[in-house]
Amino acid sequence: GVASLAMVLHALHQVGERHTSLTLLKQILAIGVDISGDAYGGWLADCQATQDVDNELVVWEHMLQTAPNHGLRAAAGNMAVLRAFDLNQTARAIQTLATMEEHGLGNVLSVVRLRERCSAELVGNRVIASPLGWKPRQRSVGIRQAKAAGRILSKWDYYKEVG
């Protein structure tokens, strides 16, 4: 599963097989699936340790598209925009910010700071920044199933992330 992928990535980084790790990354990105925070974290740590900003940007952009929740996609989008600016790729930053706004991922950072930094007209004249926080979930089948299985529920089972 995804946990074993994270362990494989960690092992590859530890033994210096960066090329193999990047080949694996490119193949997974081509499929277009979410692979887990631990695996993303392994690639991001390696990219930052080796100052490979190009591949780091690719990982952030992939997370923007595939992360499992709204908040993580928004945070990944913000990082993708910032890294695009670091690479002097303003057009790429503007496109990423537009993608975020089209998918309702605008947040305080992206709307107030990054949009201003792009100094470009994006999707609309006025974009509303989503507040960050949690709101109660409606009773769902998932919660009933978890309770029936005897699983101890956490905050994420009862609330959903907003913003």
Side-chain angles (χ1 to χ4, degrees), residues 1-111 113-115 117-118 122-123 130 132 134 137 140-143 145-146 149 151 153-157 159-163:
V2 290
S4 56
L5 175 61
M7 289 188 291
V8 167
L9 287 173
H10 180 70
L12 288 171
H13 295 306
Q14 294 296 86
V15 298
E17 285 293 327
R18 187 162 196 286
H19 175 72
T20 305
S21 175
L22 289 175
T23 301
L24 183 58
L25 170 65
K26 289 176 182 168
Q27 290 174 348
I28 288 174
L29 295 179
I31 297 169
V33 295
D34 175 43
I35 51 158
S36 88
D38 292 334
Y40 286 131
W43 273 308
L44 291 170
D46 180 59
C47 289
Q48 290 170 357
T50 59
Q51 298 180 354
D52 183 358
V53 186
D54 292 316
N55 279 316
E56 182 184 350
L57 175 56
V58 170
V59 173
W60 287 120
E61 288 172 337
H62 184 73
M63 287 176 67
L64 168 62
Q65 300 298 324
T66 64
N69 64 55
H70 180 85
L72 186 54
R73 285 192 310 273
N78 288 340
M79 285 303 301
V81 172
L82 289 169
R83 285 300 185 220
F85 279 131
D86 290 346
L87 292 170
N88 293 319
Q89 296 181 7
T90 305
R92 192 170 180 178
I94 290 170
Q95 179 57 46
T96 301
L97 197 53
T99 299
M100 290 175 65
E101 291 182 5
E102 287 169 10
H103 290 94
L105 298 172
N107 55 46
V108 175
L109 176 64
S110 65
V111 172
R113 300 281 186 221
L114 298 179
R115 196 172 214 265
R117 190 169 171 187
C118 286
L122 296 170
V123 174
S130 301
L132 302 175
W134 298 87
R137 287 187 188 274
S140 71
V141 176
I143 291 175
Q145 288 174 343
R151 187 168 65 84
L153 301 175
S154 65
K155 175 181 179 179
W156 294 275
D157 293 310
Y159 295 92
K160 68 179 176 180
E161 187 178 10
V162 295

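All values derive from a computational prediction rather than experimental measurement.
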Quick one: closest heavy-atom pair of Leu64 and Met100, and the distance?
-> CD1-CG, 3.9 Å

For the atom pair OG1 (Thr66) and CD1 (Ile31), what is the distance rounded to the nearest 0.5 Å?
-> 11.5 Å

Looking at CD1 of Ile28 and OG1 of Thr23, how far apart are the two atoms once the value is rounded to the nearest 0.5 Å?
-> 11.0 Å

dist Leu24:CG -> Leu12:CG (nearest 0.5 Å) comes out at 7.0 Å

Would you check if the side chain of Thr99 reaches a backbone N or O of Gln95 as a donor-acceptor pair within less than 3.5 Å?
-> yes

Rounded to the nearest 0.5 angstrom, the CG-CG distance for Leu22 and Asp46 is 6.5 Å

Considering the options Asp52, Leu87, Thr96, which one meets the side chain to side chain contact (heavy atoms under 4.5 Å, CB included) requirement together with Leu57?
-> Leu87

Starting at CH2 of Trp43, measure out to CE of Met63 and round the result to the nearest 0.5 Å.
-> 11.5 Å

Which distance, rounded to the nearest 0.5 Å, do you find between the NE2 of His103 and the NE2 of His70?
-> 11.5 Å

Among residues two or more places apart or on two chains, list those pairs meeting salt bridge (Lys or Arg N to Asp or Glu O under 4.0 Å) that have a residue in residues 57-75.
-> Glu61-Arg92

Minimum-distance pair of heavy atoms, taken over all atoms of Val59 and Tyr40 = CG1-CD2, 3.9 Å

For residues 75-84, tabulate all N or O donor-acceptor pairs below 3.5 Å that involve a side-chain atom, not counting sequence neighbours.
residue : atom : partner : partner atom : Å
Asn78   : ND2  : Asn107  : OD1          : 3.2
Arg83   : NE   : Glu56   : OE1          : 3.3
Arg83   : NE   : Glu56   : OE2          : 2.9
Arg83   : NH1  : Asp86   : OD2          : 2.6
Arg83   : NH2  : Glu56   : OE2          : 3.2

